Chemist: 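Take this structure, written in structure tokens, and hold onto it; I'll ask about it next.
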Amino acid sequence: MEAAPLLQNDGLQAMAGPPAVLGCLHEGYKPNGRGSTGDQRVSLTPKVAEQIMKDGYKIVVETGAGAWAGFSDDAYSEVGCEVLSRSEVIRKGQVLFSIDPPVRDFRSLGGKILISWIGRLQDKGKDLVAQATAANITLIDVTAVPRITIAQKLDVLSSQAKVAGHRAVVEATHAFGRFHTGEMTAAGKYPPSQSFVLGCGVAGLAAIGTLKAMGSVVKAWDVRDVSDQCASMGAKWVTVDFKEDGAGAGGYAKESSDAFKQAQQATFKKVLQDTDIAITTAAIPGRRSPLLITQDAIAVMKPGSVIVDLAAVGGGNCELTKLNEAFTTENGVTIIGYADLPARMANQSSSMYAQNMANLLKHVQGKDKGSFLTSMIGHLEAGESGDIVTRSIVCCRNGEGIKMPPPPQPTPTKPKVAPVAVKAKKAASPKATAMCGAFTLTIGLLCMVGMGEGVKTSLLTTFLLAGAAGYQAVWGVAHALHTPLMSVTNAISGMTAVGGLLLFPRLGDNGAAKALAMIAVLVSMTNVVGGFIVSQRMLNLFKKAGDQDWTPFLLIPGLVLMGVSIAHNDDSKTLGAVTSVSSLLCVAAIAALAAMSTANAGCKFGIIGVAGALTTTLVTLDAGLYFNVACLMLVGGFLGCIIGVNVSPIKLPQTVAAFHSLVGLAAMCTSIASFTLTPEKGINVENIASILGDFIGGVTLTGSIIAFGKLNGNLSSKPLNLPGKNFLNLVCLLT
């Protein structure tokens, strides 16, 4: 039945009609004993067809169109396609898809749109365009997509080349018949295969990736300098000792000079002597494929070597390549010249090709879903202002050929700017450096001396020495131990319990201060016990199978230290000595966390130090306070133990953050309680200490809660930007 022309007066008729009916034709694949005819691929897959129909199109598919690619007729029917005979698909379809142009059906396609693989710039393609023009077919060449960024999603040459590169390795591996990766077995030692990829476009890079994944040692070359890309994929770059720019128009390579060809063939011959697998992909659109591997080079290759020539259609990169044949030379080199490598992976290549077709429809129609016909006509009639992709791929329409616009020029590379000569910095004057250092040291010393006003000398000495020792201890910590170190220091910071305990004798009838002191002791003990348990669990993650940890024996000296405090509870000098030793042990704990071999001991040092400091504080309290204090400490320690033991290993870091928030809370409670017990106006040491303790504790509390929320996934990792945050910060500072 003759089809009614779709495009007769198309500018008016199509605009008023519904979305087009799309037809998918069988590629005519027929295997036989001597080879095959047609193509195993299919233009549209069921998944992509379902995606296209959401834009309002109707799709009809020829019976058995996807069978050789692994897509049954039922699969198409299930997604809403109509499966019909070839004649019915041609009759109903307004836009027909076929990878190979169905020349035998051109007479039946008058007035319809045919989207096919044409190659309009080549002689064969030009002949197809002439036949389509004579048959009044609107012919769309999917290979004519310009090499620009917005058209990458439509580029069938790239998608099918990627499949071809992968399949080339599969074919080579089958013919090679040996391991790619190096093997050392009881049956002998076998070296890795040596591969050489000539031409590093899409197909070449795909071949490199597959060869590397299989364990081969890969070398690569291209007329363009893409050594960085190849190196990033693990291939060694082969350099031809001849300077010539090989980049051509549209992102393809250009034809090389004769002198360069001689130099490169000599280089390749040397490399091929040790090569097991060579894969060539070099092609120039509309020209014969460049000769890269000569007969002389093949003669020096090892028996059992394989050459896969992906440029066989254009005459081949190998001098002995036979199109669509595989044969072995007299010296045992297998040369494969299959031109249908993508079709040999029909399911994968069809899926990628079909997605290109879906992207083509969406690109042409733009935001107006289902408007492929009207949008295409609009782009063509708009002239140079129309879409460059549409004007490039439409070969003929209404019985007239359409000239392909010149390809857009690639964005010129920015010229390398010569580095600006940096003025040599004048060497600092030793005199000026010494004077600056003297001034800085003077200010620092005066600040330290000023801190001593109204403060016991022993406290100042302890503070300064602790700062210096802590800096030196933390500086050399191994990266892997940063989190355990943070956990141990956090547990040691639970010494805020001492501040809460020292408030008890001063509480009297002040209920608010008593509640704050109790909270400080409770949460501090939760942090101390839970913190050390979490720290030890973190360190246990580094233990290897069979390792034994004997550092718990180090807790025995801790019991001795506590016993000394209890036995000499009325001797201030002995208690002072125990306090100093406890402080030293806390510093030693941090220092021991610097190395894996001493990390477990460091955790025990911290436990001993904190236990000693708490004991010396407890023995100075009145006996009447023991019961209340003991209850608070036991409850807090029990809570910390429950949390530390039961938390999941993957949640240990956020647990440390949660425990650290308790330190901030304890510091705030202690500072506020201290101020409420002695609310003196004016500037004095106790008021300054209370303000700083409250401020630092608040920052620690809120910061740790935020850190816990982010680590635990409760909060986004993006910064919290409050509106007018700078103004709020200024107001808070002034108040």
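This is a predicted model, so every value here is computed, not measured.
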Chemist: Check whether any side-chain heavy atom of Phe268 lies under 4.5 Å from a side-chain heavy atom of Thr280, and answer yes or no.
Modeler: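 No, too far: nothing below the 4.5 Å cut-off.
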Chemist: About how many Å separate CD1 of Ile99 and CD1 of Ile115, when rounded to the nearest 0.5 Å?
Modeler: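 It comes to 12.5 Å.
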Chemist: May I ask you to test the Leu341-His166 pair for a side-chain heavy-atom distance under 4.5 Å?
Modeler: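 The answer is no, as the side chains (C-beta and beyond) never meet within the 4.5 Å cut-off.
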Chemist: Using atom types as modelled and distance alone, determine if a side-chain donor or acceptor of Arg107 lies under 3.5 Å from a backbone N or O of Ala135.
Modeler: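 No, the answer is negative, given that no donor and acceptor are paired below the 3.5 Å cut-off.
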Chemist: I need the full list of side-chain hydrogen bond (donor to acceptor under 3.5 Å, both in side chains) pairs touching residues 354-363, with sequence neighbours left out, sorted by first then second residue.
Modeler: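 For residues 354-363: Ser159-Asn356, Gln355-Asn359, His363-Asp387.
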Chemist: What verdict does the side-chain contact (heavy atoms from CB on, under 4.5 Å) test give for Asp39 and Asp340, after you've listed the backbone C-alpha separation in whole Å, the side-chain angles of each residue and the deciding distance to 0.1 Å?
Modeler: CA-CA 8 Å; Asp39 198 304; Asp340 62 343; 5.9 Å; no
Chemist: Any ion pair linking Lys54 and Glu50 (charged N to carboxylate O, less than 4.0 Å)?
Modeler: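 Between Lys54 and Glu50 there is no salt bridge, as every charged N stays at least 4.0 Å from the carboxylate O atoms.
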Chemist: Please identify which of these residues, Val95, Leu96, Ile113, Ile118, meets the side chain to side chain contact (heavy atoms under 4.5 Å, CB included) condition with Ile140.
Modeler: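 Single side chain to side chain contact (heavy atoms under 4.5 Å, CB included) partner of Ile140 among Val95, Leu96, Ile113, Ile118: Ile113.
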Chemist: Is a donor on one side and an acceptor on the other found under 3.5 Å between the side chain of Arg86 and the backbone of His26?
Modeler: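 Such a contact is found between Arg86 side chain and His26 backbone.
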Chemist: Would you say the side-chain atoms of Thr181 pair up with the backbone N or O of Pro192, donor to acceptor, closer than 3.5 Å?
Modeler: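 Answer holds: no.
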Chemist: Quick one, Met357 with Val48, criterion side-chain contact (heavy atoms from CB on, under 4.5 Å). Give me CA distance, side-chain angles, the key distance, then yes/no.
Modeler: CA-CA 9 Å; Met357 296 302 98; Val48 172; 5.8 Å; no
Chemist: Might you point out which heavy atoms bring Gly201 and Asp222 nearest each other, and give the distance in Å?
Modeler: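 Looking at all heavy atoms of both residues, the closest pair is N-OD2, 4.1 Å.
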Chemist: May I ask you to decide if the ring planes of Trp117 and Tyr353 are parallel, tilted or perpendicular, using 30° and 60° as cut-offs?
Modeler: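 Because their plane-to-plane angle is under 30°, the rings of Trp117 and Tyr353 count as parallel.
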Chemist: Would you check if Val218 and Met233 make a side-chain contact, meaning some heavy-atom pair closer than 4.5 Å?
Modeler: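 With C-beta onward as the side chain, the pair stays apart.
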Chemist: Side chain of Ser98, backbone of Ser116: donor and acceptor closer than 3.5 Å?
Modeler: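 No; zero donor-acceptor contacts below 3.5 Å.
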Chemist: For Arg288 versus Gly314, what's the shortest heavy-atom pair and its separation?
Modeler: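 So the minimum-distance heavy-atom pair works out to CG-O, 3.2 Å.
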Chemist: Hey, could you give me the CH2/OG distance between Trp221 and Ser227, rounded to the nearest 0.5 Å?
Modeler: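 Going from CH2 on Trp221 over to OG on Ser227, the span is 13.5 Å.
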Chemist: Can you tell me how far OG of Ser43 sits from CG of Asp100, rounded to the nearest 0.5 angstrom?
Modeler: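 Output value for this atom pair is 9.0 Å.
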Chemist: With side chain to side chain contact (heavy atoms under 4.5 Å, CB included) as the test, pick out the partner of Cys318 among Asp309, Leu292, Val333.
Modeler: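 For Cys318, the side chain to side chain contact (heavy atoms under 4.5 Å, CB included) check succeeds only for Asp309.
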Chemist: If you look at every heavy atom in Ile279 and Ala207, which pair is closest and at what distance?
Modeler: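 Smallest heavy-atom distance, with atoms named: CD1-CB, 4.1 Å.
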Chemist: With sequence neighbours excluded, tell me which residues meet side-chain hydrogen bond (donor to acceptor under 3.5 Å, both in side chains) with Asp55.
Modeler: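 side-chain hydrogen bond (donor to acceptor under 3.5 Å, both in side chains) check on Asp55 returns Gln365.
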Chemist: What pairs of residues pass the side-chain hydrogen bond (donor to acceptor under 3.5 Å, both in side chains) test when at least one of them lies in residues 289-305, not counting sequence neighbours?
Modeler: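 Every pair satisfying side-chain hydrogen bond (donor to acceptor under 3.5 Å, both in side chains) with a residue in residues 289-305: Asp276-Lys302.
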Chemist: Can Ser216 and Ser193 be said to form a side chain to side chain donor-acceptor pair (under 3.5 Å), step by step?
Modeler: CA-CA 5 Å; Ser216 183; Ser193 64; 2.8 Å; yes
Chemist: Hey, are the side chains of Pro102 and Leu109 touching, using non-hydrogen atoms and a 4.5 Å cut-off?
Modeler: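 When only atoms from C-beta onward are counted, Leu109 and Pro102 do touch, with a gap below 4.5 Å.
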Chemist: Do the non-hydrogen side-chain atoms of Ile208 and Leu205 ever get within less than 4.5 Å of each other?
Modeler: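 Counting from C-beta outward, Ile208 and Leu205 do come under 4.5 Å.
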Chemist: Go through the steps to decide whether Phe106 and Leu114 satisfy the test side-chain contact (heavy atoms from CB on, under 4.5 Å), and finish with yes or no.
Modeler: CA-CA 10 Å; Phe106 271 15; Leu114 175 63; 3.7 Å; yes
Chemist: In Å, rounded to the nearest 0.5 Å, how long is the span from CG of Leu373 to CG of Leu361?
Modeler: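 Going from CG on Leu373 over to CG on Leu361, the span is 9.5 Å.
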Chemist: Does Thr390 use its side chain to pair, donor to acceptor, with the backbone of Met376 at less than 3.5 Å?
Modeler: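 No, the answer is negative, given that no donor and acceptor are paired below the 3.5 Å cut-off.
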Chemist: Measuring from atom CD of Glu325 to atom CG of Leu323, what distance do you get when rounded to the nearest 0.5 angstrom?
Modeler: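 Here the interatomic distance stands at 8.0 Å.
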Chemist: State the NZ-CG distance between Lys162 and Asp155, to the nearest 0.5 angstrom.
Modeler: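 Answer for the NZ-CG pair, Lys162 versus Asp155, is 13.0 Å.
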Chemist: Might you point out which heavy atoms bring Ser351 and Phe71 nearest each other, and give the distance in Å?
Modeler: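 That would be OG-CZ, 3.9 Å.
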Chemist: Would you call Glu62 and Cys24 a side-chain contact if the rule is heavy atoms closer than 4.5 Å?
Modeler: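 They are not in contact (no side-chain heavy atoms under 4.5 Å apart), so the answer is no.
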Chemist: Taking it one step at a time, do Ile90 and Leu25 satisfy side-chain contact (heavy atoms from CB on, under 4.5 Å)?
Modeler: CA-CA 8 Å; Ile90 293 175; Leu25 297 175; 4.0 Å; yes
Chemist: Evaluate Gln348 against Arg167 for side chain to side chain donor-acceptor pair (under 3.5 Å), listing each step before the verdict.
Modeler: CA-CA 11 Å; Gln348 182 65 65; Arg167 181 66 188 196; over 6 Å; no
Chemist: Within 45° of the ring axis of Tyr338 and under 6.0 Å from its six-membered ring centre, is that where the NZ or CZ of Arg344 lies?
Modeler: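 Judged by the rule (NZ or CZ under 6.0 Å from the ring centre, within 45° of its axis), Arg344 counts as positioned above Tyr338.
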Chemist: How about Ile393 and Leu154: do any of their side-chain heavy atoms sit closer than 4.5 Å?
Modeler: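 Counting from C-beta outward, Ile393 and Leu154 never come under 4.5 Å.
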Chemist: With a 4.0 Å cut-off on N to O distance, would you call Arg91 and Glu88 a salt bridge?
Modeler: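 Salt bridge present between Arg91 and Glu88.
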Chemist: Is a side-chain donor or acceptor of Tyr76 paired with a backbone partner of Ile59 at a separation under 3.5 angstrom?
Modeler: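 Here the side-chain-to-backbone pair does not exist.
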Chemist: Would you find a donor on one side and an acceptor on the other, under 3.5 Å apart, between the side chain of Glu27 and the backbone of Gln40?
Modeler: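 Here the side-chain-to-backbone pair does not exist.
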Chemist: For Thr149, what residues pass the side-chain contact (heavy atoms from CB on, under 4.5 Å) criterion, not counting sequence neighbours?
Modeler: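 Residues passing side-chain contact (heavy atoms from CB on, under 4.5 Å) with Thr149: none at all.
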Chemist: Sequence neighbours excluded, which residues qualify as side-chain contact (heavy atoms from CB on, under 4.5 Å) partners of Cys396?
Modeler: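 Result, side-chain contact (heavy atoms from CB on, under 4.5 Å) vs Cys396: Ala132, Thr133, Leu139.
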Chemist: May I ask you to decide if Ile402's main-chain N or O and Arg397's side chain share a donor-acceptor pair within less than 3.5 Å?
Modeler: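 The answer is no, because no donor-acceptor pair under 3.5 Å joins these two groups.
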Chemist: Within a strict 4.5 Å, meaning less than it, do heavy atoms of the Gln265 and Leu291 side chains meet?
Modeler: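 The answer is yes; the side chains approach within 4.5 Å.
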Chemist: If we ignore hydrogens and angles and just use 3.5 Å, is the side chain of His180 paired with the main-chain N or O of Thr173 as donor and acceptor?
Modeler: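 Checking the backbone N and O of Thr173 against the side chain of His180, no donor-acceptor pair under 3.5 Å is found.
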Chemist: Give me the atom names and distance for the closest heavy-atom approach of Ser350 to Thr45.
Modeler: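 Of all heavy-atom pairs spanning Ser350 and Thr45, the closest is O-CG2, 3.7 Å.
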Chemist: Looking at residues at least two apart in the chain, or sitting in another chain, which of them share a side-chain contact (heavy atoms from CB on, under 4.5 Å) with Ser392?
Modeler: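 Only Pro146, Ile388, Met404, Pro405 meet the side-chain contact (heavy atoms from CB on, under 4.5 Å) criterion with Ser392.
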Chemist: Restricting to non-hydrogen atoms, name the atom on Ala65 and the atom on Asp73 that form the minimum distance, rounded to 0.1 Å.
Modeler: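 Of all heavy-atom pairs spanning Ala65 and Asp73, the closest is N-OD1, 4.3 Å.
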